[in-house]
Number of protein chains: 2
Amino acid sequence: MIPQTPIHQPPKVGDTATSAHDRVYRTLRTQIMHGEFRPGQSMTLRGIGKTFGVSMTPAREAVRRLVAEGGLSLSSSGRVATPELSSERIEELASLRALLEPELASRALPRAHLALIDRLQAINATIAECAAKHDDVGYIRTNLEFHRTLYLRAQAPAMLALTETVWLQLGPTMRALYARLNRTEVPHNHRLIVSALRAGDEPSLRLALRSDVTQGLRLLVV
Amino acid sequence: MIPQTPIHQPPKVGDTATSAHDRVYRTLRTQIMHGEFRPGQSMTLRGIGKTFGVSMTPAREAVRRLVAEGGLSLSSSGRVATPELSSERIEELASLRALLEPELASRALPRAHLALIDRLQAINATIAECAAKHDDVGYIRTNLEFHRTLYLRAQAPAMLALTETVWLQLGPTMRALYARLNRTEVPHNHRLIVSALRAGDEPSLRLALRSDVTQGLRLLVV
DNA sequence: TTCCTATTTTTGTGATCACATTAGCGCCAT
DNA sequence: ATGGCGCTAATGTGATCACAAAAATAGGAA
């Protein structure tokens, strides 16, 4: 009977255009993909909840989703951490990038108009800035933005989603890689990609993509 | 203060070697992938919970995971249903299969010993049985078993996982397809795959896979 | 009969709690 | 000093509840 506890909903004065778990999910996903976590970094549901000002429930759902996509891995006891990839796994994920991304680029090629190519060139300039400032996270973020901008033109959402899943899995490892090799300028292959787009040269485009995707990861497999 | 409600845990007399949400997840995933649901079929969290004898919480986590993999889609209001794919989406997923599966087969080829090939031939016999009995779900299940058995030899878990994600997305649609075209025997391409494996002929193997993967779906895109 | 509206029911979301398990850590004996 | 042991705190899991939004249903007016 007791008609108690009518209110335990927080004020929620702000707007939540989207649900809480989705906000947590998207933020964590971006952070992982951009390499803001080290490989093997562990986190707790209550900790995530406190960080985002929510209870365990949305934190749990966001984590489950990320685990399903391979962005987080969970131990036998349910503890969650950022994945530490074996050499074989890195090689395999690099192969997947080499398989998927040239295909996406090929599909984008006939739809790539001049404004897009100019935009890609501008992103390359930003990449150069990040490299000069040794901003690893910025470098990764802008580099992925370059690829995503191109692939969005492919009109292949499922293929792009799968590719982003691969990026997500590689996120923490990518950070460890770029911190090691200390780039100082925009990768040469990005220039080749832009050139091939301008020329409408599909074979060159595919080759440049494959090289760009493979080169960095190759250093990690030692 | 009231020290009430010390026990609301169900007897749990059975063994749960794994967690509840994982059991729900795996069962639903298999059902979706094998085409046991029609495209657009909706379900509720409470309904799923009642079906599996659990509360909403594990049902929600299982559903979230499946949504993340594309096996279920959720409407703007959070309602969950099996996805209804557009022609473009089906075509795209078929392209993904055509991209990934020949690669997996190529990687499996050097590792494919005789016992494996014999096993594939046995699975083909089972497929023929299902076709004769017009057992659509059995047909899909056995067909996927054929492919998975081959790909397991590729030693490429991430690539296989991505491929299974594609299968999952196609599950309900696949059912609708096979119910329509009423097969009566094992697909010819499966025989070609076995032959190419025996001969160690990689180009033929890739071609046979691409054909096998593409042929059925092509009919759906009308 | 048909269409619009109001009410009732259903459903997803997030918070909280009890419980089991595990990891972390100190403590004592050797 | 070190290694094993037990205890405490922390953590994941699942159930339950309150609430808001949406869907379904019923009822009345044209």
Side-chain angles (χ1 to χ4, degrees), chain A residues 1-28 40-68 71-83, chain B residues 1-28 40-68 71-83:
Chain A
M1 271 305 126
I2 320 156
Q4 84 289 34
T5 64
I7 289 173
H8 56 68
Q9 197 79 343
K12 193 184 261 190
V13 55
D15 57 331
T16 47
T18 180
S19 50
H21 80 261
D22 207 61
R23 183 167 48 89
V24 176
Y25 163 76
R26 255 200 291 268
T27 308
L28 281 179
Q41 189 161 337
S42 71
M43 42 190 77
T44 68
L45 296 184
R46 285 174 175 88
I48 294 170
K50 197 183 299 184
T51 301
F52 289 87
V54 298
S55 85
M56 295 175 57
T57 311
R60 229 186 328 173
E61 298 184 39
V63 163
R64 284 259 173 265
R65 209 166 149 188
L66 288 165
V67 168
L72 291 174
S73 65
L74 75 162
S75 76
S76 61
S77 68
R79 248 78 169 192
V80 67
T82 225
Chain B
M1 278 315 120
I2 321 155
Q4 83 291 30
T5 64
I7 288 173
H8 55 68
Q9 196 78 341
K12 192 182 262 190
V13 54
D15 58 330
T16 48
T18 180
S19 50
H21 80 262
D22 208 61
R23 183 167 49 89
V24 176
Y25 164 75
R26 253 200 292 270
T27 308
L28 280 179
Q41 187 160 339
S42 71
M43 42 189 77
T44 67
L45 296 184
R46 286 174 173 88
I48 294 171
K50 197 183 298 185
T51 301
F52 289 88
V54 298
S55 86
M56 294 174 57
T57 311
R60 233 195 315 182
E61 298 185 38
V63 164
R64 285 259 173 266
R65 209 166 149 189
L66 288 165
V67 168
L72 291 175
S73 66
L74 76 161
S75 76
S76 61
S77 68
R79 248 76 167 192
V80 66
T82 223

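Naming convention: chains lettered A, B, ... in sequence-line order (proteins, then strands); numbering from 1 in each chain.
Expressed to the nearest 0.5 Å, how far CZ of Arg46(A) lies from OG1 of Thr51(A) amounts to 14.0 Å. One distance of note links OG1 of Thr27(B) with CD1 of Ile48(B); it measures 11.0 Å at 0.5 Å rounding.
Scored by the side-chain contact (heavy atoms from CB on, under 4.5 Å) test, Ala81(A) finds Ser42(A) as partners (sequence neighbours excluded).
Arg79(B) places none of its side-chain heavy atoms less than 4.5 Å from the side chain of Leu74(B). Residues Arg23(A) and Phe52(A) are in side-chain contact: their nearest non-hydrogen atoms beyond the backbone lie under 4.5 Å apart. Residues Arg60(B) and His21(B) have side chains not in contact (no heavy-atom distance under 4.5 Å, counting atoms from C-beta outward). Using a 4.5 Å heavy-atom cutoff, the side chains of Arg26(A) and Thr18(A) are in contact.
Across the protein-nucleic acid pair, Arg23(B) atom CZ and dT13(D) atom P stand 15 Å apart, rounded to whole Å.
For the segment residues 48-55 of chain B, residues with any heavy atom less than 4.0 angstrom from an atom of DNA chain D are, sorted by number, Val54(B), Ser55(B).
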Seminar exercise, completed: A correct 5'-to-3' footprint of nucleotides 5-12 of chain D, with B, S and - meaning base, sugar-phosphate only and no protein heavy atom under 4.0 Å, is ------BB

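At the phosphate of dG14(D), OP1 or OP2 sits under 4.0 Å from a side-chain N or O atom of His21(B).
Between Asp22(A) and Arg65(A) there is a salt bridge, with a side-chain nitrogen of the basic residue lying less than 4.0 Å from a carboxylate oxygen of the acidic one.
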